[in-house]
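Below is one structure, written out as structure tokens; the observations come after it.
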Amino acid sequence: MLDLKFVRSNIDVIKEMIRNRGYDLDISKFEALDLQRRQRLTELEELRYRRNVVSEQVADMKKKKEDASGVIAEMKEVSSTIKEMEKDLPQFVEALEQLLMFIPNIPHESVVVGKDEKDNPVIRSWGDAPKMDFTPLPHWEIGENLDILDFTRAAKLAGTRFALYKGQGARLERALINFMLDIHTKEHGYTEILPPFMVNTASMTGTGQLPKFKDELFKIEGWDFYLIPTAEVPVTNIYREEILDEDVLPIYHVAYTPCFRSEAGSHGKDTRGLTRQHQFNKVELVKFTRPEESYTELENLTRNAEEILKRLNIPYRLISLCTGDLGFSAAKTYDIEVWLPGQGLYREISSCSNFCDFQARRAGIRFRPKGGNKTELVHTLNGSGLAVGRTVVAILENYQQADGSVVIPEALRPYMGGDKLISKKE
RNA sequence: GGAGAGAUGGCCGAGUAGGCUGAAGGCGCUCGCCUGCUAAGCGAGUGUAGGGCGAAAGUUCUACCGAGGGUUCGAAUCCCUCUCUCUCCGCCA
């Protein structure tokens with residue numbers, strides 16, 4: 001959410017930004033609504049002022065044993081008017097807030113203005129595609145051949161977009177989670193968090209999943225619980241409505257959680273394999289920083305995520321999302337895309353964003369600067385470090401061999417009981 | 001699930017026969033003084049959000065004592081509902 005006063009005095013900047021992002025959002029009502037709201041608020045506050053003054057008079061008169069019944073009768077009228085106006089005002093506040101909630105974040109000046117993913121500039125690439133003298137298979141075939149992935153039975157258990165991992169497959173997923181958590185906690189200085197996997201409406205609103213992205217969420221029937229679509233939600237909301245000491249910043253958190261997404265808008269897309277599931281595992285990096293250092297922190301966070309792929313020796317490229325492809329709350333986003341030889345394409349495995357104060361404003365996450373007493377909003381950042389299921393995809397496709405077996409990346413072997421190879425059991 | 005206690009400012013903690021209590025006191029923090037350094041001491045200041053006026057510093061008004069309703073001229077204080085925390089009992093991974 002943007003600052004109301006900022007929007008009020010920069011309405012043209014906002015309109016241009018909305019255009020650059022390719023959003024279809026009409027904010028022409030904003031000014032009138034804002035004005036109406038303020039007028040009514042002023043009227044109401046004047047009446048309340050009067051009530052307060054007269055109430056004091058009543059207290060005085062009673063003390064002096066004077067008759068206050070005339071004033072009291074008059075105030076009865078005023079009070080009922082106040083009550084009516086108090087019932088009336090929230091409509092305007094809510095309407096304005098609704099409008100404000102649907103205005104996306106302002107992209108950083110370094111973000112390229114573009115239409116869609118074709119306009120995303122590549123920032124850098126790392127690693128070489130493995131040389132294969134055979135036709136590489138997509139991971140779902142590799143996994144099913146090795147009997148470590150079973151999509152048919154997963155569909156029986158739950159439905160489409162679910163996976164059943166078996167044996168070395170299940171272990172590989174678990175190994176990756178530990179591998180990633182260990183690097184981020186021991187080497188990159190993040191504090192591990194294990195949060196609830198369900199959160200309430202207030203949390204979903206705090207990070208911006210609600211109200212705009214309601215359709216993407218799974219809700220528990222009869223409860224104010226939503227399954228989290230990413231650890232970003234519970235972890236960012238840890239400090240919701242809090243004022244932090246400046247000393248504690250920056251805060252680095254890393255959390256492993258499963259993520260649950262309806263994938264409502266992607267019917268028929270990526271229907272095969274692990275790529276797009278209703279439930280998947282992710283290790284998420286979250287940062288809370290001072291405003292002036294958030295862009296440096298974004299670079300660091302992105303490199304922390306890249307480091308995982310370097311250790312696993314998986315080729316990838318880093319792209320920067322253009323205005324047309326940028327997420328609603330983000331001011332700047334880097335996507336890390338891994339090379340998948342089995343499918344012959346690059347696939348997003350991590351998305352690292354700086355939200356600046358956009359999430360913090362809505363969630364009320366502030367800090368008190370040393371020396372000053374005015375509170376400021378923190379900047380929030382997050383990025384996948386990494387999506388675990390897609391990392392399995394990348395390993396299977398990049399480390400596959402002609403005989404159908406899959407070499408386990410060296411860095412991961414300590415987490416796989418020393419095994420070097422996943423091969424078919426005879 | 002049953003019985004009871006509680007929720008106040010960045011933190012701790014006063015405040016119920018409703019009326020200058022935005023809220024005592026303490027801690028913390030900021031500025032100044034003092035001390036050779038450290039520690040201690042002294043003085044002043046220090047909530048959040050929103051509106052009006054002001055170029056700004058600022059000033060003024062309104063709201064906020066877990067949340068939402070109600071009673072009243074007037075509610076942190078009375079009533080109702082909800083949420084959360086704690087203690088005891090029961091049940092359970």
Side-chain angles (χ1 to χ4, degrees), chain A residues 1-10 30-101 194-206 210 220 222-226 234 237-249 251 288 290 357-358 360-378:
Chain A
M1 186 166 62
L2 292 174
D3 180 39
L4 179 69
K5 286 180 200 159
F6 177 82
V7 176
R8 188 184 295 156
S9 48
N10 294 278
F30 180 88
E31 282 173 285
L33 209 53
D34 182 44
L35 198 66
Q36 257 182 316
R37 178 192 136 260
R38 277 187 290 165
Q39 278 169 352
R40 287 180 188 246
L41 186 64
T42 305
E43 274 175 59
L44 173 62
E45 288 188 346
E46 272 164 12
L47 283 180
R48 290 209 271 228
Y49 174 58
R50 209 160 137 239
R51 183 180 67 184
N52 288 346
V53 171
V54 175
S55 289
E56 265 177 50
Q57 283 174 10
V58 171
D60 271 357
M61 290 169 86
K62 289 214 164 169
K63 231 177 254 170
K64 292 177 190 154
K65 310 268 186 202
E66 287 171 27
D67 176 31
S69 57
V71 194
I72 287 176
E74 190 197 335
M75 278 302 106
K76 236 177 186 148
E77 299 269 321
V78 174
S79 270
S80 72
T81 312
I82 289 176
K83 255 177 206 160
E84 275 169 42
M85 294 186 71
E86 279 175 345
K87 283 210 174 80
D88 198 40
L89 188 67
Q91 301 170 28
F92 293 90
V93 178
E94 274 159 34
L96 200 62
E97 203 143 87
Q98 278 299 314
L99 208 54
L100 207 56
M101 293 252 234
L194 185 62
F197 299 159
M198 294 187 267
V199 300
N200 55 29
T201 303
S203 295
M204 282 296 182
T205 310
L210 292 176
I220 306 295
W223 296 77
D224 184 26
F225 289 150
Y226 292 85
N237 276 285
I238 290 174
Y239 305 106
R240 173 155 49 87
E241 303 299 336
E242 289 193 26
I243 299 172
L244 305 167
D245 283 336
E246 189 177 9
D247 304 346
V248 306
L249 299 176
I251 294 171
F288 304 82
R290 295 177 191 86
D357 61 13
F358 193 83
R361 181 171 297 107
R362 195 187 288 203
I365 308 172
R366 291 158 294 172
F367 73 100
R368 196 178 300 281
K370 263 195 153 21
N373 34 28
K374 205 77 191 136
T375 59
E376 282 183 56
L377 294 165
V378 303

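By convention in this document, chain letters (A, B, ...) are assigned in the order of the sequence lines, proteins followed by strands, and residues within each chain are numbered from 1. The figures that follow rest on heavy atoms only: side chains count, while hydrogens, waters and symmetry mates do not.
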Query raised in the report: For the residue pair A:L44 and A:M85, what are the closest heavy atoms and their distance?
Result: N-CE, 3.7 Å
Requested in this report: Once you apply the 3.5 Å cut-off to both distances, tell me the Watson-Crick or G-U wobble partner of B:A14, or none.
Outcome: none
Query raised in the report: Taking CD from A:E43 and C1' from B:G50, how many angstroms apart are they, rounded to a whole number?
Result: 16 Å
Query raised in the report: Which part of the nucleic acid, if any, lies within contact of A:R50, taking any heavy atom under 4.0 Å across all strands shown: a base, the sugar-phosphate backbone alone, or nothing?
Result: nothing
Query raised in the report: If each of A:R366 and A:Y49 is mapped to the nucleotide of RNA chain B with the nearest heavy atom, which maps nearer the 5' terminus, i.e. the 5' end?
Result: A:R366
Requested in this report: Heavy atoms only: give me the nearest A:N200-A:Y226 pair and the separation to one decimal.
Outcome: C-CD1, 4.3 Å
Report task. Pick out which of A:L4, A:D3, A:L100 makes a side chain to side chain contact (heavy atoms under 4.5 Å, CB included) with A:R361. Result -> A:D3
Query raised in the report: Can you tell me how far the CE atom of A:M204 sits from the CE atom of A:M198, to the nearest 0.5 Å?
Result: 11.0 Å
Requested in this report: Provide, to the nearest angstrom, the distance between the CG atom belonging to A:N52 and the P atom belonging to B:U60.
Outcome: 16 Å
Report summary line: With the side chain defined as heavy atoms from C-beta on, A:S79 is closest, among B:G74, B:U71, B:G52, to B:G74
Report task. Would you give the length of the straight line joining atom OG of A:S203 to atom CZ of A:R240, rounded to the nearest 0.5 angstrom? Result -> 3.5 Å
Query - Listed nucleotide nearest any side-chain atom of A:R48, set B:C73, B:U71, B:A63 - result: B:A63
Requested in this report: Write down the partner of B:C78 under the Watson-Crick or G-U wobble criteria, each distance required to be under 3.5 Å.
Outcome: B:G70
Query - A:T375 side-chain proximity, nearest of B:C73, B:U48, B:G51 - result: B:U48
Report task. Kindly point out which of B:U48, B:A63, B:G19 is positioned nearest to the side chain of A:S55? Result -> B:G19
**Report entry** Watson-Crick/G-U partner (both atom distances under 3.5 Å) of B:G54
**Finding:** none
Report summary line: Comparing nearest nucleotides in RNA chain B, the 5'-proximal residue of the pair A:E86, A:I243 is A:I243
**Report entry** A:L44 CG to B:A49 C1', straight-line distance once rounded to whole Å
**Finding:** 15 Å
Query raised in the report: What is the nucleic acid contact for A:V58, judged by heavy atoms within less than 4.0 Å: base, sugar-phosphate only, or nothing?
Result: base
Requested in this report: Scan A:D60 against the nucleic acid and name what it touches under 4.0 Å (heavy atoms): base, sugar-phosphate only, or nothing.
Outcome: nothing
Query - Base paired to B:G45 (Watson-Crick or G-U; both N/O distances under 3.5 angstrom) - result: B:C29
Report task. Mind checking A:R8 for me? I need base, sugar-phosphate or nothing, with any heavy atom below 4.0 Å counting as a touch. Result -> sugar-phosphate
Query raised in the report: When the distance from CD of A:E56 to P of B:G19 is rounded to whole Å, what number comes out?
Result: 12 Å
Report task. Using Watson-Crick or G-U wobble geometry with both distances below 3.5 Å, tell me the partner of B:G6, or none. Result -> B:C84
Query raised in the report: Whom does B:G22 pair with, Watson-Crick or G-U wobble, provided both distances fall under 3.5 Å?
Result: none
Report task. Take atom CZ of A:R37 and atom C1' of B:A63, then tell me their distance rounded to the nearest Å. Result -> 13 Å
Query raised in the report: Is any side-chain N or O of A:E45 under 3.5 Å from a base N or O of B:G50, one able to act as donor and the other as acceptor?
Result: yes
Query - Pairing nucleotide - B:A40, Watson-Crick or G-U, each distance under 3.5 Å - result: none
Report task. Searching all strands shown, indicate the nucleotide that pairs with B:A93 (Watson-Crick or G-U wobble; both distances under 3.5 Å). Result -> none
**Report entry** Heavy-atom closest pair, residues A:R51 and A:S79
**Finding:** CD-OG, 3.7 Å
**Report entry** Protein-nucleotide distance (A:K62, atom NZ; B:G18, atom C1'), rounded to Å
**Finding:** 11 Å
Query - Integer-rounded Å distance: B:G47 C1' and A:E241 CD - result: 15 Å
Report summary line: Quick note, A:K87 side chain, CB onward, closest among B:G10, B:U62, B:G70 is B:G70
Report summary line: One should read off an interatomic distance between A:I365 CD1 and A:N237 CG, to the nearest 0.5 angstrom, of 6.5 Å
